[in-house]
Structures are given as C-alpha cells and as structure tokens.
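First comes the structure, then the notes that go with it.
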Amino acid sequence: QKEVEQDPGPLSVPEGAIVSLNCTYSNSAFQYFMWYRQYSRKGPELLMYTYSSGNKEDGRFTAQVDKSSKYISLFIRDSQPSDSATYLCAMSAHSSASKIIFGSGTRLSIRP
Amino acid sequence: SAVISQKPSRDICQRGTSLTIQCQVDSQVTMMFWYRQQPGQSLTLIATANQGSEATYESGFVIDKFPISRPNLTFSTLTVSNMSPEDSSIYLCSVEWGHLSTEAFFGQGTRLTVV
C-alpha cells in the first residue's frame with residue numbers, strides 16, 4: 001500500500017463548477033499537508049499549505065485536513081479553464097522538505 | 001519565494017551517453033533536491049544536495065548513475081550517466097524555502113528522452 005493515495009483522474013467538469021480533489025494516507029505521523037498545481041510542461045507550484053488539522057482558505061481554494069480519517073481535500077470554487085492542470089497532494093511528518101511524500105496527481109480539466 | 005531556473009528544458013539523447021542538468025536559484029538556499037517524475041507516477045526524490053558535502057541519495061539511486069555537484073548555495077547539477085530508455089523521465093530541481101521548512105519550490109523541469 002502506498003503511503004499516499006490519489007485518484008489519477010482525469011476529472012472533467014464544466015466551468016463554474018465546484019471541484020473536489022482528495023487524497024488518503026496511511027501514516028498517522030503526517031502533520032504537514034500541501035497541494036501543488038502543475039501545468040503541462042511546468043514544474044509543480046505550491047498552492048496551499050496546512051499544518052495539522054482544519055481548513056485553510058485562499059481565494060477560490062479551500063484545503064481541508066481530517067487527520068482522524070487520514071483524508072485531505074482541495075476544493076476549487078467557481079472553477080475556471082485556467083485551473084486545468086494536474087494537482088498533487090503532498091505531506092510530511094517532518095519540518096523538512098527532504099521528507100515530503102507526494103501523491104501521483106489528479107489531472108483536472110475545466111470545460112468552457 | 002525562490003525563482004529556480006533549470007537547463008536544458010528538454011533533450012533527446014542517445015543511449016549510453018550522459019546528460020548534465022543545471023539548476024540555478026536566485027537566492028541562497030541550504031537544501032536543494034533532485035526529483036524524477038515518470039508519467040502517471042508521483043515525484044520520486046533522487047537525492048538531497050547540500051553545499052560543501054556529499055549528496056545524500058535515496059534508496060534505489062546511486063552516485064555512479066546520478067552524480068550531483070553543489071559548488072555553492074545557488075547552483076547544483078545532476079548528471080544522468082550511461083543513459084538507457086528507462087531513464088526517460090522529467091527531472092526536477094527543488095529547493096527548501098526557509099530553514100526547517102516543508103515548503104518546497106520547483107524548477108520547470110527537464111524532459112529527457114533516451115533513444
């Protein structure tokens with residue numbers, strides 16, 4: 001079993017829809033949770049960063065962490081075609097970027 | 001955040017040859033990382049490069065195959081040696097932003113095809 005599981009998609013939704021992206025994990029020691037967005041032929045860019053449980057909101061993006069269920073989510077409101085990308089969840093038990101475990105990514109397409 | 005420039009952005013190489021990938025950061029950073037990203041798979045850490053010391057390799061990766069240099073706090077290179085088609089992948093440079101931070105920033109990647 002992988003430490004981090006992420007549905008690869010692809011996920012296709014119409015413009016304006018609410019998108020829900022999810023990851024599950026098995027290591028209860030994870031306490032740092034991140035979402036990266038990766039456009040085609042580009043490197044991943046850090047989108048959201050959460051420490052421990054709870055919600056974090058940034059514009060149209062909301063990250064949720066449920067440590068009791070070992071489940072994290074990224075919600076995108078009012079989705080735009082420019083949101084079309086691969087979204088990778090990532091997490092770590094340590095305060096060091098050398099210990100980050102990445103999901104395999106979900107490919108998202110927003111239809112105009 | 002750091003601005004990371006990676007060269008080349010892509011290359012097609014003959015098997016048996018070597019390719020050196022360069023990573024330049026616009027700020028001094030302690031830790032730099034090299035990742036491999038294969039289609040449909042998660043990012044896999046190859047090694048951590050610290051200035052002034054040998055790189056630390058992850059399980060499954062060895063220095064003879066992936067030699068790394070880190071001559072200063074803003075630059076690193078990764079060489080993919082004696083390439084085979086299985087080495088075809090995207091190679092990414094990353095830096096840790098801030099000390100003891102899980103915030104990692106990435107270059108745009110090098111798309112390598114070995115024929």
Side-chain angles (χ1 to χ4, degrees), chain A residues 1-11 21 23-27 29-52 56 58 63 65 72 85-108, chain B residues 1-11 21 23-25 29-50 53 55-59 61 68 89-113:
Chain A
Q1 182 190 8
K2 292 182 181 178
E3 277 193 285
V4 178
E5 297 276 2
Q6 185 174 9
D7 188 331
L11 180 63
L21 304 169
C23 287
T24 59
Y25 62 94
S26 58
N27 188 346
F30 287 149
Q31 50 183 339
Y32 302 91
F33 302 93
M34 292 142 283
W35 285 94
Y36 284 82
R37 178 175 62 194
Q38 186 174 22
Y39 290 114
S40 180
R41 302 187 186 280
K42 300 288 186 182
E45 60 176 316
L46 183 62
L47 194 60
M48 299 287 282
Y49 176 96
T50 308
Y51 173 72
S52 193
K56 185 173 184 178
D58 184 0
V65 175
I72 70 170
T86 296
Y87 290 79
L88 302 114
C89 64
M91 45 199 82
S92 177
H94 308 276
S95 57
S96 171
S98 67
K99 304 295 184 185
I100 298 175
I101 307 297
F102 289 87
S104 56
T106 299
R107 191 147 48 100
L108 173 66
Chain B
S1 64
V3 176
I4 304 167
S5 301
Q6 201 173 323
K7 291 193 297 187
S9 58
R10 60 191 306 162
D11 208 341
I21 303 168
C23 180
Q24 179 76 52
V25 189
V29 292
T30 303
M31 299 182 79
M32 295 179 75
F33 310 98
W34 288 97
Y35 284 87
R36 184 172 69 185
Q37 186 177 31
Q38 295 178 310
Q41 297 188 27
S42 58
L43 290 164
T44 303
L45 181 64
I46 297 171
T48 300
N50 292 324
S53 63
T56 303
Y57 289 83
E58 298 298 308
S59 176
F61 298 97
I68 288 171
S89 187
I90 298 172
Y91 293 86
L92 292 153
C93 170
S94 173
V95 304
E96 178 181 272
W97 189 244
H99 182 58
L100 292 180
S101 167
T102 48
E103 294 193 50
F105 293 91
F106 288 84
Q108 77 274 23
T110 296
R111 184 177 295 266
L112 171 63
T113 302

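Within every chain, numbering begins at 1; the chains are lettered A, B, ... in the order of the sequence lines, protein sequences first and strands thereafter.
When the candidates A/Gln38, A/Met91, A/Lys99 are compared by the number of heavy-atom contacts under 4.5 Å with chain B, A/Gln38 comes out ahead.
Closest approach of A/Gly103 and B/Ser42 over heavy atoms only: O-CB, 3.3 Å. Minimum heavy-atom separation, B/Ala104 to A/Leu46: O-CB, 4.4 Å.
A/Ser104 OG to B/Gln38 CD: the interatomic distance, rounded to the nearest 0.5 Å, is 13.0 Å. Once rounded to the nearest 0.5 Å, the distance linking OH of B/Tyr35 with CD1 of A/Ile100 reads 5.0 Å. The structure places CD of B/Gln37 at 8.0 Å from OG1 of A/Thr86, a figure rounded to the nearest 0.5 Å.
Applying the salt bridge (Lys or Arg N to Asp or Glu O under 4.0 Å) criterion to A/Arg37, with sequence neighbours excluded, gives A/Glu45. Every residue was checked against the ring-ring contact (aromatic ring centres under 6.0 Å, His included) condition with A/Tyr39, not counting sequence neighbours, and none meets it.
Here the side chains of B/Leu43 and A/Pro44 are in contact, with some heavy-atom distance below 4.5 Å.
With a 4.5 angstrom heavy-atom cutoff, A/Arg41 touches chain B via backbone and side-chain atoms both.
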